[in-house]
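The block underneath contains the structure these notes are about, expressed in C-alpha cells.
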Amino acid sequence: MITFPAKKTAKRTKSKFYITTPLYYVNDVPHIGHAYTTIAADVLARFKRLQGFDVWFLTGTDEHGQKIENAAIAAHKEPKAFADQIVWNFINLWGALKISNNDFIRTTEERHQRVAQEIFEKLKSKGDIYKGTYEGWYCVPDESYWTEMQVVREGDKVLCPECHRPVERLKEESYFFRLSKYQKKLLNYIKRNPDFVQPNFRRNEVISFINQGLRDISFTRMTTKWGIPVPGDPDKVLYVWADALTNYISALGWPNDKKFKKFWPADIHLVGKEILRFHAIIWPAMLMAAGIKPPKQVFAHGWWTVDGKKMSKSLGNVVDPLDVIQKYSVDSFRYFLLREIPFGADGDYSDKAMAARHNSELADDLGNLVNRTVVLVEKKLGNVVRVIAKPDADIAPLLKTTPKKVTQALERMQFHTALAEIWNLVAAANRYINDNKPWAENDSAVLAAELYNLLETVRIIAVLIYPFMPETAEKIFRQLGIDYKAVQWKDAVRWGVIKPNTVIRKAEILFNKVEAK
Ligand code: ME8
C-alpha cells in the first residue's frame with residue numbers, strides 16, 4: 001500500500017468526545033432550526049468517531065415550564081400526555097435525518113428530576129440559594145426574566161427585548177441563585193479559556209454582558225405548577241432553565257456513574273445564539289457553585305430565516321424538514337444547511353437555494369463524478385479493478401492537501417469551508433476526466449491507471465463526506481466494494497485501499513434533479 005507522507009492529524013491526549021444539543025421544547029413540532037443544530041452536532045460526532053474518539057452525543061427534550069403548560073392547555077391535554085405525544089416528532093425526525101445520538105433525555109424522566117433536585121439542594125447547602133421575592137417581567141416563550149430597564153415598551157405594550165413578544169408581570173416568593181457571586185470567577189474562566197465561548201464575537205458579547213454586572217436569578221416558580229418540585233418546598237417548582245440545564249450531567253448519571261466520570265466535562269455544547277447566556281453564564285456558574293468542572297466549549301450558531309423572514313406559525317413559513325427530505329434527500333438537506341452559511345452566522349433558507357445546490361453541487365458535480373467513474377470502469381475494465389496505480393501528478397497534490405484542510409476546518413467548526421474544500425476536489429476529479437478522456441484511451445496501462453486514480457479519488461471523497469452525508473458515502477463505498485463500517489478518517493490519507501480484482505458495482509444514481517417551487 002502506498003501511503004501519502006502526510007503527517008498524522010493533530011496529536012490528542014484524550015480520546016473521549018462529549019457533544020450536546022439544546023433540549024428542545026416540546027411545545028410544537030421541530031423545524032429546520034432544530035434540525036440545523038442537531039445535524040451539526042451529528043457531523044461532529046461522526047467525524048470524531050471516524051477519528052477513533054469515544055463519542056457521546058446527547059440530545060433530548062425540555063418538557064417542563066409555563067410554555068409547555070400553556071401549549072398543553074391549548075391542546076386540551078395534561079402536560080405530560082402532551083409531551084409524550086410531541087416528543088415523537090423529535091425522535092422520529094432524528095431517525096429520518098440519520099442522527100447518531102447515543103442518548104435522548106427527557107426532562108420528565110426520573111433520572112433527570114433526581115439530579116436537578118440534588119443540584120438545587122447542593123447549591124442551597126453551599127449558601128448559594130436563598131429565599132426572597134421576585135418582582136419583574138417574564139417572557140413565557142423564552143422562559144426568561146427581564147427587568148424594567150430591559151423590557152421594550154411600544155405604546156401600552158410591554159415586550160421581551162429578545163423575541164419582541166408580550167411579557168407578563170410577576171410577583172412571587174422565590175428562591176434565588178447567587179449568580180452575582182460568580183461574576184469574577186466566570187470572567188476569569190472565560191479569559192483563561194479563549195475557546196470556552198465561540199465564535200469570538202459571541203465571546204466578546206458574553207464578556208461585556210458580565211461586565212455590566214450579574215444579578216442573582218430567580219430559580220423557582222410558584223404560579224406555574226408544571227415542573228420539578230423544589231426539595232423541601234413543594235408549593236414551588238424549579239425554574240425551567242435551572243431544571244433543563246442540568247440535563248447535560250443528569251444524562252451521564254452524575255455524580256457516580258462511570259459515564260459521567262468518563263465524558264464530563266462536555267467538549268462542546270452546541271446552542272443557538274439566543275440561549276448563549278444561559279449556557280455560557282448561568283450554567284457554568286451553577287457548576288462552579290456545585291464544585292463541578294465547567295464545559296470546555298459553548299458554541300453559538302446563528303439563526304435561519306425562511307425567504308428572508310423569521311419563521312412563524314402566523315406567517316405560515318415554518319419549514320418542516322420532513323417535507324424537504326422527501327423532495328430532495330436527507331443528505332441534500334444536511335449538505336445544504338452546512339454548506340450555505342458559515343457556522344456562527346445567520347442564514348436564509350429558500351426552496352430555490354436548496355434546489356440550486358442540490359442540482360448543481362450534488363446531482364451535477366458529485367453525482368456525475370461517481371456515475372462517470374463507475375460507468376467507465378464497467379465499460380472499459382469489465383467492472384474489475386486491474387492494478388494499483390500510483391497517484392497521478394494531475395490530482396495527487398490536491399488529494400494530499402484536501403483531507404488536512406477538511407480536518408482543520410472541522411476542528412474549527414467551519415463546516416462550509418470543509419465542504420468547499422471537498423468540492424474543490426470533486427471539481428478537480430471531474431476536470432481530470434474531461435482532460436484525460438479515458439473513454440478514448442487506447443493504451444490499456446494508461447487507462448487502468450487513470451481509472452484507478454478516479455476510483456481512489458472517489459473513495460477519498462466518500463470518506464470526507466461521510467460525516468455530512470452518511471447515506472451517500474455508504475452508497476459510494478458499496479459501489480467500490482468497501483465495507484463502510486470499517487472506514488476510518490485516516491483512510492482519507494491512504495492510497496491503494498481499493499485492491500486489484502475488486503468488483504465495482506454498477507452505478508446507482510445518487511441524486512435525482514429536482515425542480516424548485
Ligand atoms: O431554547 N435557526 O428550546 P427551543 C437556527 N428548551 N436554530 C434554531 C432556530 C432557527 N431559526 N430555531 C431554533 C430552548 N433553533 C430550550 C433549551 S437547553 C438546556 C434548553 C435551534 O425548542 C437552536 O439550537 O426553543 C436554538 O438554540 C434551539 O433550537 C432552541 O430550541
Side-chain angles (χ1 to χ4, degrees), residues 19-42 58-69 71 83 86-87 89-90 93-94 97 99 104-108 112 115-116 119 139-144 160 162-163 165 202 227-228 238-251 266 268-284 286-287 295 298-313 315 317-321 336-338 340-350 415:
I19 184 161
T20 67
T21 72
L23 290 202
Y24 306 111
Y25 288 125
V26 285
N27 63 312
D28 212 340
V29 295
H31 57 60
I32 57 168
H34 306 107
Y36 183 51
T37 322
T38 313
I39 290 171
D42 187 60
L58 175 72
T59 188
T61 40
D62 193 350
E63 305 193 351
H64 291 125
Q66 199 172 339
K67 178 180 173 124
I68 309 300
E69 195 176 28
I86 301 281
V87 69
N89 295 304
F90 287 88
L93 180 61
W94 302 156
L97 292 176
I99 302 301
F104 186 101
I105 187 150
R106 302 177 58 185
T107 54
T108 46
H112 170 75
V115 171
I119 291 287
C139 172
V140 177
D142 286 352
E143 298 279 17
S144 57
C160 168
E162 185 80 42
C163 71
R165 284 173 286 199
R202 296 279 174 220
I228 300 176
L238 294 181
Y239 168 45
V240 65
W241 277 98
D243 155 354
L245 285 165
T246 61
N247 89 86
Y248 302 125
I249 59 171
S250 71
I268 301 178
H269 289 318
L270 271 193
V271 298
K273 63 182 181 182
E274 85 291 359
I275 56 171
L276 176 61
R277 284 180 203 167
F278 292 97
H279 285 82
I281 298 174
I282 299 174
W283 175 227
M286 287 168 74
L287 289 165
V298 179
F299 193 105
H301 65 66
W303 264 48
W304 286 93
T305 49
V306 171
D307 297 319
K309 297 194 187 76
K310 194 174 169 186
M311 263 181 284
S312 85
K313 259 193 173 169
L315 284 177
N317 66 344
V318 179
V319 177
D320 182 346
F336 176 84
L337 290 180
L338 295 176
E340 183 73 358
I341 50 167
F343 203 57
D346 294 333
D348 186 53
Y349 180 88
S350 69
F415 301 108

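Along the sequence shown, the residues carry numbers beginning at 1. Here the structure is a predicted model, which means the values were calculated and not measured. Atoms within a ligand are numbered from 1 in the order they appear, just like the ligands themselves. Values below: every heavy atom of this structure, side chains too, minus hydrogens, waters and symmetry copies.
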What part of Lys273, side chain from CB on, backbone N/CA/C/O, both or neither, has a heavy atom under 4.0 Å from ligand 1?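 Contact part for Lys273 vs ligand 1: neither.
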Considering only heavy atoms, which of [options] lies nearest to [atom]?
| atom | options | value |
| --- | --- | --- |
| atom 5 (C) of ligand 1 | Ala244, Pro22, Gly302 | Gly302 |
| atom 19 (C) of ligand 1 | Tyr248, Tyr25, Phe278 | Tyr248 |
| atom 30 (C) of ligand 1 | His279, Lys310, Glu274, His34 | Glu274 |

Mind checking the OG1-CG spacing from Thr21 to Asp42? Nearest 0.5 Å is all I need.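 Result: 11.0 Å between the selected atoms.
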Does Trp283 have a heavy atom less than 4.0 Å from any atom of ligand 1? no
Is Glu143 near ligand 1, meaning one of its heavy atoms is under 4.0 Å from it? no
Which label fits Tyr25 and Trp241: parallel for a plane angle under 30°, tilted from 30 to 60°, or perpendicular past 60°?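 Perpendicular.
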Distance to 0.1 Å, residue and atom name: give those for the protein heavy atom nearest to [atom].
| atom | value |
| --- | --- |
| atom 11 (N) of ligand 1 | Trp304 O, 3.1 Å |
| atom 24 (O) of ligand 1 | Thr37 OG1, 2.6 Å |
| atom 17 (C) of ligand 1 | Leu23 O, 3.2 Å |
| atom 31 (O) of ligand 1 | Tyr24 CD2, 3.6 Å |
| atom 9 (C) of ligand 1 | Gly33 CA, 3.4 Å |
| atom 12 (N) of ligand 1 | His31 CE1, 3.2 Å |

Which pairs with one or both residues in residues 270-282 pass salt bridge (Lys or Arg N to Asp or Glu O under 4.0 Å), sequence neighbours excluded? Lys273-Asp346
Should Glu143 and Lys67 count as an ion pair when the cut-off is N to O under 4.0 Å?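 Salt bridge absent between Glu143 and Lys67.
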Give a yes-or-no answer on whether the side chains of His279 and Tyr248 include a donor-acceptor pair shorter than 3.5 Å. yes
I'd like to check whether Trp303 has a polar contact with ligand 1, where a contact means an N/O of the residue lying under 3.5 Å from an N/O of the ligand. no
Decide whether an N or O pair under 3.5 Å exists between Asp62 and ligand 1. yes
What atoms of ligand 1 come within less than 4.0 Å of a heavy atom belonging to Met311?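 This gives 11 (N) as the contact atoms.
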Across all chains, not counting sequence neighbours, the ring-ring contact (aromatic ring centres under 6.0 Å, His included) partners of Phe415 are Phe343
Side chain to side chain contact (heavy atoms under 4.5 Å, CB included) partner of Trp283, chosen from Val271, Ile275, Leu245: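 Exactly one pass, corresponding to Leu245.
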Within a strict 4.5 Å, meaning less than it, do heavy atoms of the [X] and [Y] side chains meet?
| X | Y | value |
| --- | --- | --- |
| Glu340 | Tyr349 | no |
| Thr38 | Phe90 | no |
| Arg165 | Asp142 | yes |

